Amino acid sequence: MSKNKKTQQGKHKNVKSSLKNDNNSINRKKTILLLIVVFCLPLLIYLPTVKYGYTNFDDDLMITANKAFLSNFGNIGQAFLTDQFIDKTSSFYRPAGTASYMLDILFSGGNNVWMYHFSSALILGITACVLFILLRKMNFPLLTACFASLIYYVHPLFVSTTAHIPNRAELLLSLFSLLSFLFLIEFLNKKKPVYLFWHGITFTIALFCKETAAFLPFIFILYYFIRRNKNRPAKLPYEKKDFVIPAIYGVAGLFWYWLRSIALRGVVSFDTSFGLKPFFLNLRIIPEAMSKFFLPSDIAPIPGYSLFKTISGLIIIILMIVVFFKINKAHHKEKIFGISWFMILLVPSMLYKAPYFDYLDHRFFLPLTGIIFFVLFSIPEKWHKTYSKKFIWLPIVAVIALSTATIIKSRSYSDPMTFCNSSIKHNPNSFLAYHNRGLIYAREELYDKAFDDFNKAIDIYPDFPYTYNNRAIIFENRGLHDKAIADYTKAIELKRDYLMPYMSRGLIYENLGLIDNAINDYLKATEIQPDYAMAYNNLGIVYHRKGLVDNACQEFKKAMDLGLEQGSENFNRLCK
C-alpha cells in the first residue's frame, strides 16, 4: 500500500472518530436538556401547592397530631419502630415517609406545611428523571423516553399522590423502586458489583417506604431471567451468581420484617380486612385503573366505583390483548414483563379492603408504570422514529392537556372544605367526605349544616361509629338527651373500645341523675384507657354524689397522680 493511501485512510479514520465524538457530544447535550425538562415540568405544575394547607384527610392524624414527635429529629430512629400514625393504631409500616416529614421540619426550621408540598413536588420531579433514564437504558429513543416520562408524571390520575401530603410514602416507594430497577439493569449490562450493591440498598429503602416493595423481587427476578435467556442458551445450567440477587432480597426482607414486627407489636386495632376475600372484592379495581389512566376524566379525591369506568376499562383490557398478539411480536416477553409489573405491584393494595371507601388512586402510581412499559414495547421501532419527526405535536398536545387538567385537579387539595366539596361533587356517595365536611361545619359552629352532613353520611354508610358520636354531640347541644344517648350507644355497639362515647354518655347520665349508669360508663372508659385522668376524675365525682367518699377519693387520687389539675383540686377539697 502506498504512503498516500495510508495517509488518506488515516484521515478518514480521524474524520469518522471526530464525527462520532461530535454526535456523542450532541446526544449528551440533548439528553441533559430533556432531563432538565422532565424534572422541571412536573415540579412547576405542582409548585402552586406550596400555598395549600392540609386536607384533614389523614394528614391531621399523621402530621398535625404528631408535631412534637416529628419536630424532634432525635426521634428518627423511633420512626422505624412505630406504625405510620405513630400511635399503634394501624397495620401500616412506612417509616421512610415519617422520616421524610422530619427532614422537612428540620430543613424548613419548623412544622411548615409549604415544605411538605414542596418536597413532594421535588420528589416527583426526581422520579420522572429516573423513569426517563430507565427508558433510555431500555433503548427507547430520547424523545420517546422524554414524552413518556412527562405524560406519566403530569397525569391528573396521580394528583392525589403528590398534592396530598399523606401520600409521601407512595412517592418514595416509586422513586426507590425505579432506582433499584435501574441499578439492576446497569448491573446486568456492565457486571460491576457496585451496581448490585446500590440495587440492594435502594430495594431495602423501598421496603421501608411501603409494604408493596415486598413484591418487587418477583418483578426483578422475572426481568433478570428474561435478560438471561435472551443473552444465553436456554439450556445453560444456572450459576452461583444467579442466586446472589435473590439472597440480597432475602437478607433485606428479613431485616425489614424484623423491624416491622417490632413496630407493629401491640397494635390495638386494624382499619382494614386482609386476605383473599378482599382481593376478589377488589378485582373491579383493575378495569377502573385502566379506564382512569387512558380516559382521565371525573377523577375524584375520594373515588368510588363507576359502571362507565368499569366497562370502558374492560374494553381497554380487551384492546390491549389484541395489541399484545397482533403488534410488535418481537417484544412479547417485554410486554409480558410490563403487564406483570402492573398486576404484581397492584396485588398488595387489592389484598386490603377498607370499609370506608372503594379504593384510592395513589395506589396505582407505581403499578401503572408497567403499562407505560407495555405501551412503549408495543409500538414498532419505526413508529418511534416516525412520530418523533412528523407527529411530535401529538405528545406535546397530550402533555399540555394533561398538565392543565392536573393543575385544575390539584386545587381540590388546597384546604379541608375544598377537598370535601370536590370529593362530594365527583363522588356523591362518599360518606367519608360528608362526615369530614360535617366536622368542619361543627368546628365553625354551623350545626345545622353539620347535622345534615352527618345524616347524609349515616344514610350512605350506617356502620361508621364516629359519625354517630359526632351527631350525638349536636343532639346533646340541642338538649335532645334521649337521641344523644341513642347515638352514643350506637357508636359503642359499632366500636366497643371507642372511648369518647362512654365519657359523653356517662356525663349525660350524670346530669340526668342516673348515677349507676354513669359509673358503669366511666369505669369502662378507664378499662379502655387506663391513663385517661379525666375518666378517674368523673368517676370520683359520681362516687361522691352517691356517698361513696372513700371510692371517690381513690379516683381523685388517680386523676391527680396522672397530672390532672382538676383531680388534684377535687382531692384537696373533698378528701382532706
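Everything quoted here is computed from the prediction, not taken from an experiment.
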ask   = Should the pair R478 and F475 be classed as cation-pi, given the thresholds of under 6.0 Å to the six-membered ring centre and 45° from the axis?
value = no

message = Would R284 pass as a cation-pi partner of Y359, given that its NZ or CZ must be under 6.0 Å from the six-membered ring centre and within 45 degrees of the axis?
response = no

request  = Decide whether N111 and Y116 meet the rule of one side-chain donor and one side-chain acceptor closer than 3.5 Å.
outcome  = yes

Determine whether the aromatic ring centres of residues [Y] and [X] are separated by less than 6.0 angstrom.
X: H155; Y: F158; value: yes
X: Y52; Y: H164; value: no
X: F57; Y: F419; value: yes

query = More than 12 foreign heavy atoms under 6.0 Å from OH of Y305: is that the case here?
reply = yes

key: Exceeds 12 heavy-atom contacts within 6.0 angstrom, atom OH of Y461   = yes

Is [X] reaching over with its side chain to a backbone N or O of [Y], donor-acceptor style, under 3.5 angstrom?
X: D59; Y: I165; answer: no
X: D415; Y: T418; answer: yes
X: H426; Y: N421; answer: no
X: S422; Y: S412; answer: no
X: S174; Y: E170; answer: yes

query = If every non-hydrogen atom of H117 is compared with every non-hydrogen atom of G53, which pair is closest and at what distance?
reply = NE2-O, 3.1 Å

In a table with atom names and distances, give each donor-acceptor pair under 3.5 Å that connects a side chain of residues 69-81 to protein atoms at least two apart or in another chain.
{"from": "S71", "atom 1": "OG", "to": "K67", "atom 2": "O", "distance (Å)": "2.6"}
{"from": "N72", "atom 1": "OD1", "to": "G74", "atom 2": "N", "distance (Å)": "3.0"}
{"from": "N75", "atom 1": "ND2", "to": "F69", "atom 2": "O", "distance (Å)": "3.0"}

message = Run the side-chain contact (heavy atoms from CB on, under 4.5 Å) test against C209 and tell me which residues pass, sequence neighbours left out.
response = A96, L172, L173, F176, I205

request  = May I ask you to say whether R168 pairs ionically with D104, meaning some side-chain N is under 4.0 Å from a carboxylate O?
outcome  = yes

